[in-house]
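A quick write-up on the structure given underneath.
Because the structure is predicted, anything quoted here is derived from the model rather than measured. Reminder, nothing fancy here: chain letters follow the sequence lines and each chain counts from 1.
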Amino acid sequence: MTQQITLSGIEKHYGGYHALKGINLDIPKGQFVALVGPSGCGKSTLLRTIAGLETISGGRIEIAGRDVTAVPPRGRDIAMVFQSYALYPHLTVEGNMTYALRLKGLSKAEAKARAAEIAEITGLSALLQRYPRELSGGQRQRVAMGRAIVRDPAAFLFDEPLSNLDAALRVHMRAEIRKLHNRLGATSVYVTHDQIEAMTMADHVVVMRAGVVEQQGAPLELYDRPANQFVAGFIGSPAMNFVPGRVGEDEQSVALDLAGSPVLRFAGRRPSGEAVTVGLRPEHLELGGAGGNSLTLPVALVERTGSASYIVSDTDLMIAATERVADGLGQVTVHIASERVHLFHPTTGVALR
Amino acid sequence: MLRFDRVFRDGGGFDTLLVMLALGYLVVFSAFPLIYNVVMSFQEVDLFSLASFDRPFVGWDNYSEVMGERVFTPIFWNTVQFVGLSVFFQLTIGFGLALFFQQDFPGATWLRGLFLAGWILPGLVVGAVWGWILAGDFGVLNYVLQSLGLIEGKIFWLSDPSVSLYSGIIANIWLGIPFNMILLSVGLAAIPADVYEAAELDGASRLHRFLTITLPLMRAQLGAVISLGVIFTLQQFDLFAALTRGGPSNASNVLQYWAWQLSFEEYRIGQGSVVSVLMILFVVIVAFVYVRSTRNEHAG
Ligand SMILES: Nc1ncnc2c1ncn2[C@@H]1O[C@H](COP(=O)(O)OP(=O)(O)OP(=O)(O)O)[C@@H](O)[C@H]1O
Ligand SMILES: [Mg+2]
């Protein structure tokens with residue numbers, strides 16, 4: 001596969017602040033890449049770096065096989081959808097969509113025809129003569145998308161484009177954007193702080209923290225084999241439980257630092273007596289003691305969403321059960337498959353395998 | 001008593017009071033003098049009838065007399081030049097500076113603030129300072145131009161009839177730049193940075209962005225600054241009083257100064273009022289344009 005975007009060793013300093021620390025990223029043509037991470041980790045900065053809106057302090061950027069490190073934004077053939085949409089307030093929807101085309105030298109008629117075609121795809125046909133101030137938030141979002149799509153750029157960049165929409169519309173647009181991406185055969189980089197968005201939309205997820213890529217890979221890869229405790233805790237909802245523990249004499253089980261020191265088997269071997277952090281996903285703790293590898297926990301609270309019951313134990317351990325759970329439960333016994341028990345280094349957080 | 005207090009604080013009472021205060025002020029200090037001025041322009045007013053309201057009406061006599069004055073046409077064209085050139089250069093230089101200070105460089109806000117200093121000086125003081133700068137024999141401007149080798153002899157900026165009007169215009173431009181710059185800076189700051197970024201990604205060069213984003217989004221501010229500039233320029237009296245007193249022989253005279261001369265130097269108060277009425281009409285038109293331009297603002 002040909003690389004559409006290649007970032008090598010991207011460095012960014014804001015005065016004394018080191019915002020991006022040697023980012024490497026290869027994005028093949030047609031891929032949908034999500035950048036996730038907590039607030040302030042540098043997602044937007046990285047995206048703006050690709051667009052050329054931020055100058056970089058070091059590294060190299062290639063877009064469609066061309067070194068664009070020193071090329072200004074308008075020479076990069078990149079379209080961006082901003083969180084604020086950044087529509088041209090004085091232009092109609094049609095004006096917003098034809099702006100770039102007219103600058104490219106298309107005639108008025110050609111530009112309008114192209115805008116009409118894209119308006120059809122994005123469901124904007126009825127709104128072409130409206131001004132941005134006459135549109136709802138969701139409609140503005142569509143215009144921002146339409147404005148990007150008309151240009152047929154080398155890549156699309158999205159900076160949290162859905163964060164201003166209500167929950168239902170967000171879920172809808174999530175699917176919409178992904179469908180459009182497939183239909184256009186586009187290459188997209190999508191910034192979000194919502195790991196569900198990243199997991200559901202992307203082919204490739206990049207998890208960032210404090211200017212560093214912690215791990216990147218296919219969504220389920222990150223879910224199944226997190227490289228460290230940060231990624232493990234960030235990917236998955238509700239978040240993974242972490243409990244301190246110590247590897248037993250058999251080198252294949254770990255005693256949890258909980259009342260009664262319950263012991264869980266894990267896949268692989270670790271040296272006996274090693275202190276570890278044990279990671280247990282709430283949804284992997286299944287009710288019932290069948291099959292062994294179980295532990296019994298006191299129940300502090302049960303939260304019900306209808307489709308799931310979240311059982312919170314005394315020690316803040318969470319269990320996500322799909323079964324309905326009776327009231328007044330004093331304690332609960334759960335079991336977990338040994339290959340689903342994650343171990344991390346207690347101080348560095350690196351996954352131990 | 002308690003009820004009245006409630007109505008006053010929570011009901012419309014306080015709002016009404018504020019509106020009445022503003023209205024009262026306008027009636028006493030704006031509407032009355034305006035109307036009185038219009039009335040006087042149709043009356044024969046001299047020093048003896050000044051104190052009474054009962055003065056003979058003379059119809060359009062004052063108007064035909066003013067229009068018939070030999071100096072009316074040159075003074076009218078002086079005013080047009082004064083307003084036109086002042087507003088044009090105040091606007092272009094002010095806009096240029098506003099764009100310049102919009103750039104993010106160290107000390108930008110500071111320097112911009114310094115520009116305001118000129119604006120808080122009273123017109124008379126500005127006039128006096130420019131009087132020294134422009135003075136023919138010992139003026140700074142002549143000295144600078146001469147030492148740069150740009151001119152041979154001295155230019156008598158204030159007493160040479162061919163340049164005295166322009167001296168007033170230069171001083172007035174200087175006086176109006178800070179106001180233009182600040183108002184336009186505010187407008188520029190209100191344009192979101194990401195709109196420019198979007199345009200940049202859409203392929204717009206710096207010039208394109210200025211023409212297709214900045215200018216259209218600044219329409220309201222530009223309209224306001226031009227209209228207010230015209231009004232302020234038509235009000236500009238102190239500069240002439242301090243610099244040229246309209247001279248020599250009306251070469252730099254403008255309507256607003258002439259109106260004052262007629263009324264308060266020659267005591268032809270009826271005719272002075274006529275000039276004022278003509279200017280009021282013009283200002284009303286400009287004010288109308290201004291109100292229209294601020295109404296059609298783009299939101300969001
Ligand atoms: N112009 C700037 N000057 C100085 N520091 C900056 C600047 N822009 C961003 N930063 C810093 O760089 C870091 C990364 O910012 P960035 O906007 O990329 O975060 P983000 O991951 O997009 O966060 P969020 O999810 O909140 O949008 C932050 O710590 C921020 O304070
Ligand atoms: Mg961001």
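The parts of A51(A) that come within reach of chain B are both its backbone and its side chain, each placing non-hydrogen atoms under 4.5 angstrom from that chain. Only the side chain of R151(A) comes within contact range of chain B, judged by heavy atoms closer than 4.5 Å. Proximity to chain B (any heavy atom under 4.5 Å) is restricted, for L87(A), to the backbone atoms N, CA, C and O.
Rounded to the nearest 0.5 Å, atoms CG (L217(B)) and NE2 (H90(A)) are 5.0 Å apart. Going from atom CG of L103(A) over to atom CZ of R209(B) covers 10.5 Å, rounded to the nearest 0.5 Å. For the atom pair OH of Y88(A) and CD1 of I213(B), the computed distance is 5.5 Å after rounding to the nearest 0.5 Å.
Heavy atoms from other residues, nucleotides or ligands lying under 6.0 Å from NE2 of H208(B) number 12 at most. Other residues, nucleotides and ligands contribute over 12 non-hydrogen atoms within 6.0 Å of the NZ atom of K21(A). Annotation for E117(A): atom CD counts as buried by contact number, over 12 foreign heavy atoms lying within 6.0 Å. More than 12 heavy atoms of other residues, nucleotides or ligands lie within 6.0 Å of OH in Y14(A), so this atom counts as buried by the packing criterion. More than 12 heavy atoms of other residues, nucleotides or ligands shown are found within 6.0 angstrom of CZ on F210(B).
The pair R74(A)-D202(B) does not meet the salt-bridge criterion, since no charged nitrogen lies less than 4.0 angstrom from a carboxylate oxygen.
For residues 177-199 of chain B, a heavy-atom distance under 4.5 Å to chain A picks out D194(B), V195(B), E197(B), A198(B), A199(B), given by residue number.
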request  = Step by step, work out the side chain to side chain contact (heavy atoms under 4.5 Å, CB included) result for L157(A) and L201(B).
outcome  = CA-CA 11 Å; L157(A) 307 179; L201(B) 285 167; over 6 Å; no

